[in-house]
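Just so it is clear, the values below take in all heavy atoms, side chains as well, and ignore hydrogens, waters and symmetry mates.
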Amino acid sequence: MQKLFLVAFSLGLLFFADNAQADALYDFNQCIKGGKSEAECYRSEARRYVSKIEEIYKKYGQDSYFDGYTVDKTTSNDEKFRKLINMWKLYIQNYCNLINYTKEKQEEDVDPNKCLYDMAASHLDDIEAIESIRESDRF
C-alpha cells in the first residue's frame, strides 16, 4: 500500500510540476508581450508567486490538517507556517546571492530577479502538489 502511495505521489508531483511550470512560462511571456523588460517581468512575477505562496501558507496556518506537522517545536499552525515562509525566503535570498555571485565570477550577465523568479515558481509547483494531496485526503 505504501508503494502505491509513493507511486501516486510521484506521478502527482510530476503532473503538477509540469502544469505549474507551463503556467509560469505563460505568465512570464504574457508579461513580456505587455511591453515590460525581462528584469521587470522576473521581479513582478516572482513577487506574485511569493504572494500566492504566502496566501497558501496562511490558509495552512488555519487548517487542522497540519496539526501533527512540526516546525522547531512550534505548536500553533499559524506560527509553524509563518516560520516556514520566513525560513524559505531567507533560504532563497541566500541561495540566489550565491548563484549570482558565482555567475558574476564567471563574467556572465546576471539578473538577480531571475533566480528569485525560478525559485518562487519551483516552490509554488511543490506547494500545488502538496495542496492536491491534502485535498484528496479530505475525500
Should [X] and [Y] be regarded as members of a common hydrophobic cluster, given that ILVMFWY residues are connected when their side-chain heavy atoms come within less than 4.5 Å of each other, either directly or indirectly?
X	Y	answer
Y117	V110	no
Y91	I127	yes
I92	L98	no

>> Could you report the tightest heavy-atom contact between I32 and C41, atom names first, then the distance?
In response: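 In this case the closest contact between I32 and C41 is N-SG, 3.4 Å.
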
> How far apart are the closest heavy atoms of A120 and A46, and which atoms are they?
Replying inline: CB-O, 4.1 Å

>> Tell me whether Y65 at atom OH has more than 12 heavy atoms from other residues, nucleotides or ligands lying less than 6.0 Å away.
In response: yes

> For K59, does the NZ atom have more than 12 heavy-atom neighbours from other residues, nucleotides or ligands under 6.0 Å away?
Replying inline: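 Yes, enclosed.
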
How many angstroms lie between atom [atom1] of [X] and atom [atom2] of [Y], to the nearest 0.5 angstrom?
X	Y	atom1	atom2	result
N77	T70	CG	OG1	11.0 Å
I85	I56	CD1	CD1	9.5 Å
S76	Q62	OG	CD	8.0 Å
D78	R82	CG	CZ	4.0 Å

Which word best sums up how the rings of [X] and [Y] line up, parallel for under 30°, tilted for 30 to 60°, or perpendicular for over 60°?
X	Y	value
Y57	H123	perpendicular
F66	Y69	perpendicular
Y60	F81	perpendicular

> Got a sec, which pairs hit salt bridge (Lys or Arg N to Asp or Glu O under 4.0 Å) with one end in residues 41-53, sequence neighbours left out?
Replying inline: D27-R48, E45-R48

> Under the salt bridge (Lys or Arg N to Asp or Glu O under 4.0 Å) rule, what pairs show up with a residue in residues 101-116, not counting sequence neighbours?
Replying inline: K114-D118

>> Could you work out, with side chain to side chain contact (heavy atoms under 4.5 Å, CB included) as the rule, every residue matching K83, not counting sequence neighbours?
In response: V71, D72, T74, E79, M87

> Does S37 reach the main-chain N or O of E40 with its side chain, forming a donor-acceptor pair under 3.5 Å?
Replying inline: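 Such a contact is found between S37 side chain and E40 backbone.
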
> Heavy-atom distance under 4.5 Å between the side chains of E128 and L124, does that happen here?
Replying inline: yes

> Tell me, do L116 and V50 make a side-chain contact under 4.5 Å, heavy atoms counted?
Replying inline: no

